[in-house]
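Below: the structure, in structure tokens.
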Number of protein chains: 2
Amino acid sequence: MTIPRLLLLACLLAPLPPATAAAPYRSAQQILDASPAADWRTPDPDNLLYMELDAGRVVIELAPGFAPEHVANIRTLAREGFWDGTGIYRVQDNFVAQFGDADADDPTKAKRLGAARTRLPAEFERDAAGLAFDLLPDPDGWSPQVGFADGFAAGRDAGAGKAWMAHCYGVVGAGRNLEADSSIGAELYVVIGQSPRQLDRNITQVGRVLQGMELLSALPRGPEPMGFYEDPARRTPIRAVRLVSEVPAAERTPLQVLRTDTATFRDMVEARRNRRDDFYKRPAGHIDLCNVPLPVRAAKD
Amino acid sequence: MTIPRLLLLACLLAPLPPATAAAPYRSAQQILDASPAADWRTPDPDNLLYMELDAGRVVIELAPGFAPEHVANIRTLAREGFWDGTGIYRVQDNFVAQFGDADADDPTKAKRLGAARTRLPAEFERDAAGLAFDLLPDPDGWSPQVGFADGFAAGRDAGAGKAWMAHCYGVVGAGRNLEADSSIGAELYVVIGQSPRQLDRNITQVGRVLQGMELLSALPRGPEPMGFYEDPARRTPIRAVRLVSEVPAAERTPLQVLRTDTATFRDMVEARRNRRDDFYKRPAGHIDLCNVPLPVRAAKD
């Protein structure tokens, strides 16, 4: 008879002797548990958003290194309380949850943008020069190179000298109209399914969810084909979206993110690339960019 | 101001003039709308399951070509009503929803298996010989070749002469213990997140969800790290799982699936590989196996 709990302990914890290799195998969790404190970074509160829902808090880390003008505008919108009282007005299965002002396309109803800019350049990619890039050696069909930069999964074209964020699970992007420069960061979406990498270099990405993904990914799907809730009553209310640097210390959720330029991260990726516990009979010998975990933990005192 | 509806119309419908190429661009939807009836197949009711939930019906197509002994056992279990009154007892974010007998590992509580077999061989892969395989030319990091067989996303190793199902979104697999041959098809899981291809050739896959994914993917996530609901009240009740060949015609959901050996399918894949509508500024020139839609539609009279 199958024993699902054992199956999962084997999958995820795997405190088991190596099946094939000479070196003792350590699972990703064991590697993380043994990591030195210096391998973890505390995100800058000016680059963090809290989205407060009735069900709880979603923590988003912004990516000023990839989308500086969008991030600056998002900070302004958060300071002004632009998203307070708005909602998640679209949830499309295996694609995205989208939030902001559902009446944005109706000038008579649209919320005021206050000091926020109403036009921004597209920030689909940035110069690769000056960007520390932790290369993932595994092949990728979407990009000449892939890896990690500023804590985000990214693609890079060394020949073109460009780098960009990759549309992995949990990434936050800026919805736009047909024009490349028609996003301002007010209407945002979060990837909740198979990574839609075809959107890479076609939309400005602004960050990723560090905590609370399940508050977005488990929302009821909206009507097909695109998941928009035309009925406002079906939208998920957003109490507030706040810039964490403006949140009192006592109300913050202290989080740390594993640095990708560490031996701990490289060892964890290898443990995922070639799982050598007793559950896996055939290590993959490969990992895709969007299958690489980017660990987040509660800050340690 | 962004106009999300237009964004999506552009993404999904794209009835727009070609941006770059000489040939007029047709979106995937336009290609499907123009498809001849012969491009669609009606799944064998002996290979279909209905999972009846309070929220609606999930339709699963079984894969006897890949896992004949598991599929035979699943038919037996469905005929006996094994899953009736059981539940979805695990939902792990970005991974799987798992259902069956939550007490399977407790001999004093486990449901009787009746005529079902209690031991089956592992069916992780099959001989490639004799399997029609519609090759996807795009590179894949997990498998020497990828494509479509029997209506399922699949990998193939021509040198080894083996083929296997790929763990894409919506795939149904048979939970097992540490032993490769410890699954019998009673405890099943459905992939609800980024495709966990590392499980390819490590677990017996038995089919995929054709309709009703949103009834599984939007379920509240269970407690971390593995998403098991220890509290039975939090599990999602399963009214029944029925083999469609035993369901009265009047109660059936007539569905058709697009054949993958058709020009319609190849054209649709190319339309997704290189999107040339006014929304996409840079066609990807690539598509990953698990990003290829496998269209299902209501049967036409």
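These numbers were taken from a predicted model, which means no experiment stands behind them. A, B, ... follow the sequence lines: proteins, then strands. Residue 1 opens every chain.
Of the atoms belonging to B:Pro196, it is backbone heavy atoms, and not side-chain ones, that fall under 4.5 Å from chain A.
Within the model, atoms CG of A:Leu32 and CE of A:Met268 stand 6.0 Å from one another, a figure rounded to the nearest 0.5 Å.
With a 4.5 Å cut-off on side-chain heavy atoms, B:Asp93 and A:Tyr169 count as touching.
Annotation: cation-pi pair A:Arg201/A:Phe124 absent, no NZ/CZ under 6.0 Å from the ring centroid and within 45° of its normal.
Residues from residues 138-147 of chain A that place a non-hydrogen atom less than 4.5 Å from a non-hydrogen atom of chain B comprise A:Pro139, A:Gly141, A:Trp142, given in numerical order.
Interface summary for chain B: among A:Gly285, A:Ser217, A:Ala55, the most heavy-atom pairs under 4.5 angstrom belong to A:Ser217. Ranked by heavy-atom pairs under 4.5 Å with chain A, the list B:Asn94, B:Ile192, B:Ile287 is led by B:Asn94. Ranked by heavy-atom pairs shorter than 4.5 Å toward chain B, the options A:Ser195, A:Gly227, A:Ala284 are led by A:Ser195.
The pair A:Glu125-B:Arg282 counts as a salt bridge, with a side-chain nitrogen and a carboxylate oxygen less than 4.0 angstrom apart. Electrostatic pairing of B:Glu187 and B:Arg176 does not count as a salt bridge here, judged by no charged N lying under 4.0 Å from a carboxylate O. We find that B:Asp101 and B:Lys111 are not joined by a salt bridge, their nearest charged nitrogen and carboxylate oxygen being 4.0 Å or further apart. For A:Lys162 and A:Asp157, the salt-bridge test fails: no basic side-chain N is under 4.0 Å from an acidic carboxylate O. A:Asp288 and B:Arg197 are not joined by a salt bridge, as no carboxylate oxygen comes within less than 4.0 angstrom of a charged side-chain nitrogen.
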